[in-house]
Enquirer: 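Can you read through this structure? Questions will come right after.
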Amino acid sequence: MIIIEEKTIRNIKMTMQYDGTGYNGWQIQGNTSNTIQGRLTELLSAVCGDSIELIGSGRTDKGVHAFNQIANFKTKSDISVELLKESLNQKLRNDISIKSIAEAAPRFHARYNAIGKKYLYRVWNQPYVNVFERKYSCHVNERLNIDAMRTAAVLFVGAHDFLGFSSLGKSNKSTVRIIYGIDVLEKNGIVEIMCHGNSFLYNMVRIIAGTLIEIGLGQMDIKAVKEVLQHKERAKAGFTAPPHGLFLSEVFY
């Protein structure tokens, strides 16, 4: 009797960065093949000779970028992680780069095992358009009051119901999230808003950024943050800042 050994199923973890300018977001969609997840799934399936299901730590919207997106997939392929990384980077356009690939524990799940994330929102705060920043920052030509933005940022910290700072409208699931900290930094005309939390609702970071920008411009009172958290009314929060200023900075496990 001939015994055929089944190939071991491997769980592979990838860390990547991407410029989201030319893509319709991270997640595969039925009406377009132009997504980060779709592009990587296609290439991984070809390189591994396997039907790949790629799991990301979370979705990023159309035009949003990532410094460190995490994903995992399972495969029976015995290709080395070194060769896999090299093969992918050779075939990818220069707006997606695989930073590292490693073997992961069998039960590692890029989304469900994540315990926190950091998002960075960038603002170009000068009177003129910076042609080298236009794809990677929101242009605000009036001077922002950084001290007011920092004072308001503290009000977001802690466990709150952030429904009013999301585009969900309503949800059957809990909309309570924990913000560990929001830092507002300014250097060489760039204002950086770094949000660190356990998880984020749909458009939550962009609405927080828009709210802080309006506060910085004197268009919204600082106390509005508490009012939105209390009454959960989206209309009383700031605008949804454009996607091209947003970066997924780090994922924690």
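Worth knowing before you read on, the calculation uses all heavy atoms, side chains too, and leaves out hydrogens, waters and symmetry mates. From a predicted model like this one, the values you see are computed outputs, not experimental measurements.
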Enquirer: Nearest 0.5 Å, what's the OG1-CD1 distance between T211 and I215?
Expert: 6.5 Å
Enquirer: Would you say I101 ends up clustered with Y18 if hydrophobic residues are merged whenever their side chains have heavy atoms under 4.5 Å apart, either directly or through other cluster members?
Expert: yes
Enquirer: Would you please indicate if the ring centroids of F108 and Y253 are separated by under 6.0 Å?
Expert: yes
Enquirer: Can V140 be reached from V191 by stepping across I, L, V, M, F, W or Y side chains whose heavy atoms are under 4.5 Å apart?
Expert: yes
Enquirer: Could I get the full list of side-chain hydrogen bond (donor to acceptor under 3.5 Å, both in side chains) partners for R59, not counting sequence neighbours?
Expert: Q27
Enquirer: Any chance the rings of Y136 and H244 have centres within less than 6.0 Å?
Expert: no
Enquirer: Go through T35 and W26 one step at a time and tell me if the side chain to side chain contact (heavy atoms under 4.5 Å, CB included) criterion holds.
Expert: CA-CA 5 Å; T35 66; W26 162 265; over 6 Å; no
Enquirer: Evaluate the side-chain proximity of V123 to S137: yes if any heavy-atom separation is below 4.5 Å, no if none is.
Expert: no
Enquirer: Is the shortest heavy-atom distance from the side chain of Q17 to the side chain of N68 under 4.5 Å?
Expert: no
Enquirer: Please check this pair: side chain of Q37 against backbone of I28, looking for a donor-acceptor N/O pair closer than 3.5 Å.
Expert: yes
Enquirer: Hey, any chance V154 and I193 share a hydrophobic cluster, counting ILVMFWY side chains that come within less than 4.5 Å of each other, even indirectly?
Expert: no
Enquirer: Return all side-chain donor-acceptor pairs below 3.5 angstrom for residues 222-238, not counting sequence neighbours, or 'none' if the list is empty.
Expert:
from: R234; atom 1: NH1; to: G238; atom 2: O; distance (Å): 2.8
from: R234; atom 1: NH2; to: G238; atom 2: O; distance (Å): 3.1
from: R234; atom 1: NH2; to: T240; atom 2: OG1; distance (Å): 3.0

Enquirer: Keeping to residues at least two apart or across chains, list the side-chain hydrogen bond (donor to acceptor under 3.5 Å, both in side chains) pairs with something in residues 139-167.
Expert: R143-E186, D161-T175, S167-N203
Enquirer: Going from NE2 on H65 to CZ on F247, what distance comes out if it is rounded to the nearest 0.5 angstrom?
Expert: 4.5 Å
Enquirer: In Å, rounded to the nearest 0.5 Å, how long is the span from CG of L92 to CZ of R39?
Expert: 6.0 Å
Enquirer: Determine yes or no for a side-chain-to-main-chain donor-acceptor pair under 3.5 angstrom, with Q69 supplying the side chain and G58 the backbone.
Expert: yes
Enquirer: Taking all heavy atoms of S249 and all of L120, pick out the closest pair and write down the distance.
Expert: CB-N, 4.4 Å
Enquirer: Establish, yes or no, whether a centroid distance under 6.0 Å links the rings of Y119 and F200.
Expert: yes
Enquirer: For N72 and I12: C-alpha separation, side-chain torsions, deciding distance, then whether side chain to side chain contact (heavy atoms under 4.5 Å, CB included) applies.
Expert: CA-CA 5 Å; N72 77 287; I12 308 295; over 6 Å; no
Enquirer: Enumerate the salt bridge (charged side-chain N to carboxylate O under 4.0 Å, His left out) contacts for residues 81-101, please, sequence neighbours excluded, ordered by first and then second residue.
Expert: R93-D95
Enquirer: Quick one: do E133 and R122 make a salt bridge, cutoff under 4.0 Å?
Expert: yes
Enquirer: When clusters are formed from ILVMFWY side-chain contacts under 4.5 Å, directly or step by step, what else is grouped with W124?
Expert: Y128, I190
Enquirer: For the pair E214 (side chain) and F239 (backbone), establish whether a donor and an acceptor sit closer than 3.5 Å, ignoring hydrogens and angles.
Expert: yes
Enquirer: Looking at A241 and G210, what are the two nearest heavy atoms and their distance?
Expert: CB-N, 4.1 Å
Enquirer: Atom CE of M204 and atom CZ of R177: how far apart are they, to the nearest 0.5 Å?
Expert: 7.5 Å
Enquirer: Applying side chain to side chain contact (heavy atoms under 4.5 Å, CB included), run through E250 and K117 and close with a yes or a no.
Expert: CA-CA 6 Å; E250 197 168 355; K117 292 179 182 177; over 6 Å; no
Enquirer: Same cluster or not: are Y121 and L201 linked, directly or through other Ile, Leu, Val, Met, Phe, Trp or Tyr residues, by side-chain heavy atoms under 4.5 angstrom apart?
Expert: yes
Enquirer: Indicate the atoms forming the closest heavy-atom contact of G216 with M149, along with that distance.
Expert: CA-CG, 3.6 Å
Enquirer: Roughly how far apart are I178 CD1 and F162 CZ, rounded to 0.5 Å?
Expert: 9.5 Å
Enquirer: If I compare all heavy atoms of Y180 with all of V157, which pair ends up nearest, and what's the gap?
Expert: O-CG1, 3.9 Å
Enquirer: Mind listing the closest non-hydrogen atom pair of A153 and L212 along with its distance?
Expert: N-CD2, 3.9 Å
Enquirer: For the residue pair F156 and F165, is the inter-centroid distance of their aromatic rings smaller than 6.0 Å?
Expert: yes
Enquirer: Check this for me: I9, atom CD1, are more than 12 non-hydrogen atoms of other residues, nucleotides or ligands nearer than 6.0 Å?
Expert: no
Enquirer: Is the backbone N or O of A104 less than 3.5 Å from a side-chain atom of N11, with the two atoms forming a donor-acceptor pair by type?
Expert: no
Enquirer: With a 4.5 Å cut-off on side-chain heavy atoms, are L246 and R206 touching?
Expert: yes
Enquirer: Would you check, one step at a time, whether the test side chain to side chain contact (heavy atoms under 4.5 Å, CB included) holds for Q29 with N34?
Expert: CA-CA 8 Å; Q29 302 168 40; N34 188 36; over 6 Å; no
Enquirer: Find the distance between CD1 (I208) and CG (L155) and round it off to the nearest 0.5 Å.
Expert: 11.5 Å
Enquirer: Could you pull out every donor-acceptor pair under 3.5 Å between side chains of residues 44-54 and any protein atom, sequence neighbours left out?
Expert:
from: S45; atom 1: OG; to: T41; atom 2: O; distance (Å): 2.9
from: S45; atom 1: OG; to: D50; atom 2: O; distance (Å): 3.4
from: S45; atom 1: OG; to: I52; atom 2: N; distance (Å): 3.3
from: D50; atom 1: OD2; to: T75; atom 2: OG1; distance (Å): 2.9
from: D50; atom 1: OD2; to: K76; atom 2: N; distance (Å): 2.8

Enquirer: Is it the case that Y23 and T60 place a side-chain donor and acceptor less than 3.5 Å from each other?
Expert: no
Enquirer: Please check if M220 and I213 belong to a single hydrophobic cluster, counting links between Ile, Leu, Val, Met, Phe, Trp and Tyr side chain heavy atoms closer than 4.5 Å.
Expert: yes
